[in-house]
Each structure stands twice: as C-alpha cells, then as structure tokens.
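A quick write-up on the structure given underneath.
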Amino acid sequence: MRTFSRRVSVYDQSLTRMITNLALPLSLFRPFSAGTHQKIIMARRLHARRTEGVDKNVWVEFTQLAADYKAVNLGQGFPDFSPPHFVQEAFCKAVSGGPQMHQYTRAFGHPPLVKSLAKFFSRIMKHEIDPFEDILVTVGAYQALFSAFQALIDQDDEVIIVEPFFDCYQPMVVMAGGKAVYVPLRPREGDAVLSSADWVLSAQELSSKITPHTKAIVINTPNNPLGKVYKTEELRMIADLCIKHDLLCFSDEVYEWLTYDGAKHVKIASLPGMWERTITVGSAGKTFSATGWKVGWAIGSGNIIKHMKVIHQNSVYHCATAAQEAVAQGFEREYELFGTPESYFQQLPAMLHQKKKKLASCLESVGLRPIVPEGGYFMITDVSSIKADLNDQNTTDESYDFRFVKWLIKEKGLATIPVSAFYGPEHSKEFDKYIRFCFVKEDSTLDAAEAILRKWSQKELHKDYGPPPPLGGPKVTNLYPEVNKLHASNNMSTSVAFKRPASTQPGEKVNWKKRKAELKEYKRRRKEAKVLKRLEKQKQQEAAEKEKKQESTPNTRGRAYTVSIALPGSVLDNAQSPELRTYLAGQIARACVVFSVDEVIVFDEQGEDVKSVEGEFTGVGKRGHGCLQLARILQYLECPQYLRKVFFPKHKDLQYAGLLNPLDSPHHMRTDEESEYREGVVVNRPTKERKGSFVDCGMRKEVQIDKQLQPGLRVTVRLTKKQNQGVVVAPHVPRTEGGLYWGYTVRLASCLSAVFTEGPYKEGYDLTIGTSERGSNVDQATLSSFKHLLVVFGGLQGLEASVDADHNLEVTDPSVLFDLYLNMCPGQGSRTIRTEEAILISMAGLRPKITAAFSDVSKTS
C-alpha cells in the first residue's frame, strides 16, 4: 500500500505544479508560430538503453553509398532477376482472388502455407510436423530470428554465435538482454585454402566457450558470407554439445536449396535428439528468388514455437496474405516435382553454379584468389595484397576491408561488402582482409563488374610497368604489382601473369627464363598442396575407420550401460535446519556413489517455471530452494577435493559441507596414487607452439596434455607412459574402457516431464522405472538389457503429486510414464521411507537384477 500512496503523492505534486503553471500570465510564455522551427530537446533520455551499441548497420551504410555513386552492386544479397513464372502467376492469381486475399489471415501463418510447409519438410526431416503448432510464418527470416531471440533469450543468457555470421544475430542477442560469445570458422592450417570446405569449426574451441550461462548456439548453413555447407559430422558435433549441455540451437538455413559441386545440405533438426531443441529458420525470398515478398518461417517443436508466437502476436501480428498464398502454391508445385529436373530447387542451383564459376573466373583472371563457396549467394576473396590508396581521412579509424570497400565504391564504381562486418569484435581484425561478392545477378551485371576489374587491373599494370608486351606475348593480368609471382587460372596457358620486374624500364629486356622458373615453382607448390590435401583426407578416413572398428570391437573390461536416478529437490524441505539439509544431501550423494549411479536429476515437483532451476544457483536453505541447494551440494561432493577450490567458490549453501563424509569415489585420487585416469583442471600457464596445455591432476607435477584448451576447464586425462604427459578423453572413457566408476553428473529439470525430454542421451532412456508403494512387487520384476536406465523417486506426496503439477503431462496415473512401476520395499514396517533410504533400498534391490541382465558383459557391451 505504501507504493500506491507514494505514487499518488507524486501525482498530486505534479498536478499542483500544472495548475500553478496554468495560472501564470500568458506573457511569460514564449510565443510559437507555425513557421518557427526550434529543436526541442527532452531533459530525460529519449532512447531505450537496449538500442545502445546496435545503431550501426552495414547494409544501411553501404547500400546508400552504392546508390550515391551509382556503383555496380555486387554487395547486397538479392537477385536482380525475376522469380520463376509459376510463383509470379500464383501471386497475381492471389491478388485477384477475391476480398479474402486482401484481408487478415491466420496470425501465425496462412493455413494453406503452413500445411504446405508441414507436408514438404516432414518428408525431409523424417518427422511429422504439426502445421498449426510447429510452424510460425514471419515477415521474412529476419523476423523469425528476432522472434526467436526475444522469446528464448533472457537477461544475461550467453549465446554462442559461429563466425562469420549474418550481422543481425549480435544486435538481436543484445536487445534481448543476452551476451554474444563468438567462435570462428578458421581455414585449415597447412593446406592451400581453395574452398569454403577448407574452413572448419574447432570442437575444442566451441566446447570451451560453453558456460552455465550458455542458452543457445547459432549456426548458418549454407553460411553467409563464406558459403560453407556443414557436413553431417560437424553438425553431429554441435548437436552432441547441445544435448550434453541442454542448449537450444538456432539454425539459419535460408540458403538450403543453393548448394554446389556435390555439397549436401543437412538439417541439424533431423539429427537424433535435436528436434526438441532446434529452431530452423527458412525464407521464401531465398527459396523462390523473391526477397521483396518478405515471407519467412520458423519450424520447431510446438513447445518452443509457442513462445515465439507470443512475440509475433505482440509485434507484427500478421504477414501479407497474398504473398503467403503464392508461396504456398510454390511449395505445392515443388512437392510434386521434388528431385526431378523440372523442380526449381534443381534448376536454380544449376543456374547459380554457372554464375559462381563466372565470378570466380573473373576474380582469378585479375589475380585474386577467391574462396569457392559450396553454397549460398556469395563468394569472398582476399584483397590484402592489392595496392590501393586508402588514405581517406574520413575512414582512417575503420578496419582495412571497410576502407577498401568504400574506396572501391567511390573510385572504381563497384560495390561489395566488407567481411569483418560478419565477425564480433574479438576476431574481426583476423578476417579484415576479405571482401564479399554476390554472384546471384544477371550476367550483364557480372559482366559490368568484370569490366571494372579488368580495366583497373590493366591501368595499374600500365602505370607501374609500362605498356603491355607485344601481340603473341603472355597476358599481363595481375593485381599484385608488388609480388613477383605467377598466377595460374583454370586455363594455365592463356592466363598466366608474367610480370615485368619493377627494376626494369619499358623496352628493357626481361629475363623470361627466370619467369618460367617461377611458373614451374608455382605449379610445383600447387601440386604439393593438392597432394597434402589428399593425404589429409585419407588420414581422416583412416581415423574414422579405426574409430568405427573400435566401436564395434567388444569391450570386456568396461561398462557400456548407464544408471540415472531422478528425485525432487523438495526432499530437502523436510529438514529443519541448514545443517540437516546439508547432511541429507550428503546421504543422497553417498547412496549414489555406493551403487555407481552415473547421473542424478533434481527436478521441481511443483512444476515451476524453468527459471527456478536454471542459471546460477542462488538458493540458500529456504523452502522452495531445495533443487538449487541439493544440486550444488551433490556437485561439490562429486568433485575431487583438489579441484574444489577452482570450481566452488565460497557459498552459503556449502557452509556445512565440511561435516559430510567423503564419497571416496575412484576418481577422488590421493597425490601419489597410481591410476590410468585422473580428473584435472586446465591451468593458465604458457606453452610452446604446437604443444598442449598443462593440467593440474592433483599430482606433484602438472601434466601436459595433447591439446590446447581454455584455462579453467575440467577435463578427464588418460596418463601415458611418458612422465607427466597425458591425453584428454571423454568423461565416460574410464567407465566404458577402464571399467572404473567415475562419479556422476548433476542435471536440473523444471518438472517431471523434463526429466525424460531433456536427457543427455540421443536415444533417450530405454528402460524407465518409477517407484511407489502402489507399484508391483520388485521381487517379481525382471529387467531386460538396456543402454540407459532411469529410476525416478517421488517426494513426500509420491509421484502422483509431480504428475498433477506438470502441465505438460495429460495423464493422472504416473504408472503409464514408466516401463516398470515398482514397490521397492513391500511389507515395509514404517509408514514412511525417507528418500535417501529409498535410494539405498531400491538400488540394493535392483543391483542383482541389473547384474542378471548383463550376466554376459562381453556380449552386450
């Protein structure tokens, strides 16, 4: 009530001032006439803070510059040719199709369009898509992305963006309150970089950027501006990380039909475990060469799309009806012709492939080395060696590629786009030697661009070296006047660039023998690069075959299956003091380790919003914060003692953890204890080039590993025979290969259903057991072999209370959720069994049944 009173008081004071002002003589006011133009500046801040730092836009700046100088525009990514006739006709038919085509249609997508999209992409994804739940039609792919970021990214969430990226991702993250984290694609080291396929994403670097605050990974395939088409194994690596760390994936796939030279587009949402966490963004503009129609869409699980619909209905609400109708007709046609030569999805990439070759040939003929794209609209090329007068005082503070592109527009009349605009501030300097060309243009536009480049090339050469050699001599077509090397294009005999040395004067005899020797050396290096690339590919294939063979080889030593348990965090609420809460959590941890539990899921049986169990653990010993405190204590106890200072700063939840009995798990090593494996943390210590990082494994000396990793990462290390050296392995390797129990992971779930749907395993849990006094007698149960076992325990009110509180579940009987619903202690003498007791009793009862199911480990592993 005090807040309300205070607001009334402020309102009364304002009203009093207003009345007083009105009572002043009119002569005190400055008169204004209709012709008076005075700039009135508000005393308070006019703009919203979320717009700060995102006001610059590369398209606004360079589109205007290209228009001002009437440049040939290979900058913006739009076709300067018309869409196919069948969609133009469909659009005209829609516009003349009666009043309904000029009025509002369904807010979240015109029914004919969402049905067509669902039918078309269900076949591709091999997943049945609900047209009204799983699809949102938007004003272009741009709004689909905006809705995704606004709906799913919260304050202080971190979003990993793979670079180079379409420049709207970063400002959209910022406006949603999140933080952009960048991981670049990089050219392979040691190889001749000829194609976008030579740019790769480091799994280690990507993994190192994931923190407890990470919410999503954003990818673009085929990539703009690079043209990279992600391979299945690359997407699988990203998918594995998303599943492991419970992340969303925003997949921008607007160029999905535009792939060349045998590259194949794969939807990451089609991979196991990714449908439920992926938003796939598409564009009719790129699909049917009609960017001005601004029809896009987002496809994903209805549980995700419903949040994006909230943003959509409270912003644009509705997209143009006639354009949606035309796109629907286009997809209906393509559904029938899909995979045939008549399909536009076959004809368009075939046409653009020729335009891509035309632009690449043009760039090569003037001495540039383009990165040939596997897909998309664009091609980038390195311009760092070109001589250009970039001394414009207005651009001195800008990056090299920005200055170069502005000079190219102003001085040569050719518009391109600087590639550093597609990078975050951390890496933009590394890639500011590239510029981007769009080849999705009429041949006349490409010819005009080629004429500009050739004219410039000849002019520069004549200025530096005099007139061209006489007829019959070699062509001089190189833009690198300061580098005395020869350039070979596709036709080596006609486009070799013989350069007249700078020390010679026009008419002076040139040492052509030396020039030929340089050409021979150039050919040798190029051939060597191709051989190295072929050997690298062969090496990768051999490694893949070896890994496949190892996977198929029976493992008689390790344990292939996993055991997970789930329990509600509310069990801590039964304890009456922080000391007792801590002790109870310790008993649960001990029970898990005694019976070799691999994963512990703490869920909120009240079905609270996910925010109650995500992000930083802020709960302290109060009721309602049991999930957070239990998870923290479980993680603390699982961590080896020598690593706890690194990963667990002082916290009130852990103030009594010193009272607890140690878990004494096999991975809790003593200093001088010998073991094949150890847990460690990467330390911040400089290493020599091409040498791995150092890891503190709780030994007397640090261990040097085989990889360079970010300091602060927890890693599992297999020690080699060499002293103080080791190899980083996956956390499951000690269990699956060494036969050791290696602790448990802790996962938080917002409700009971999230226990099942957000698991870390691609194929999910293949054997689930619910525990209840209403279940069947455990003594009569038999377990079949499994890969991943999940045992779920209820709280004080049993699993029934968790089912009732979970709005995602449409059942009332919890037994239908499980393969087995068991009474773990039939004929119990006490009315109640505490959760820590239930875990011990249940796992003791299940242990012989698990052993029986895997009696022949060598056959089942």
Does any non-hydrogen side-chain atom of [Y] lie less than 4.5 Å from one of [X]?
X: Leu752; Y: Phe756; answer: yes
X: Met125; Y: Thr280; answer: yes
X: Trp199; Y: Asn223; answer: no
X: Phe603; Y: Val792; answer: yes
X: Asn224; Y: Arg436; answer: yes
X: Phe166; Y: Val254; answer: no
X: Ser251; Y: Met274; answer: no
X: Ser564; Y: Tyr761; answer: yes

Seminar exercise, completed: Only residue of Thr562, Leu634, Asp598 satisfying side-chain contact (heavy atoms from CB on, under 4.5 Å) with Tyr744 is Leu634
For this session: Applying ring-ring contact (aromatic ring centres under 6.0 Å, His included) between Phe165 and each of Phe431, Tyr182, Phe422, Phe250, report the one that passes.
Result: Tyr182
Any luck finding a side-chain donor-acceptor pair between [X] and [Y] under 3.5 Å?
X: Ser147; Y: Gln143; value: yes
X: Asp252; Y: Tyr169; value: yes
X: Asn808; Y: Ser753; value: yes
X: Glu374; Y: Ser196; value: yes

When you measure from the side chain of [X] to the backbone N and O of [Y], does any donor-acceptor pair fall under 3.5 Å?
X: Ser207; Y: Gln204; answer: no
X: His668; Y: Glu638; answer: yes
X: His245; Y: Leu247; answer: no
X: Arg644; Y: Cys639; answer: yes
X: Asp198; Y: Ser195; answer: yes
X: Glu158; Y: His213; answer: no

Problem set entry | Derivation of the side-chain hydrogen bond (donor to acceptor under 3.5 Å, both in side chains) call for Ser665 and His667 | CA-CA 5 Å; Ser665 175; His667 69 298; 2.9 Å; yes
Exercise. Salt bridge or not for Lys209 and Glu163, using N-O below 4.0 Å?
Worked result: no
Exercise. Does NZ in Lys309 sit with more than 12 non-hydrogen atoms of other residues, nucleotides or ligands closer than 6.0 Å?
Worked result: yes
For this session: Test Asp246 against every option in Lys215, Arg277, Arg747 by the salt bridge (Lys or Arg N to Asp or Glu O under 4.0 Å) rule and name the one that passes.
Result: Arg277
For this session: Please determine if Arg559 forms a cation-pi arrangement with Tyr561, meaning its NZ or CZ atom is less than 6.0 Å from the six-membered ring centre and no more than 45° off the ring axis.
Result: yes
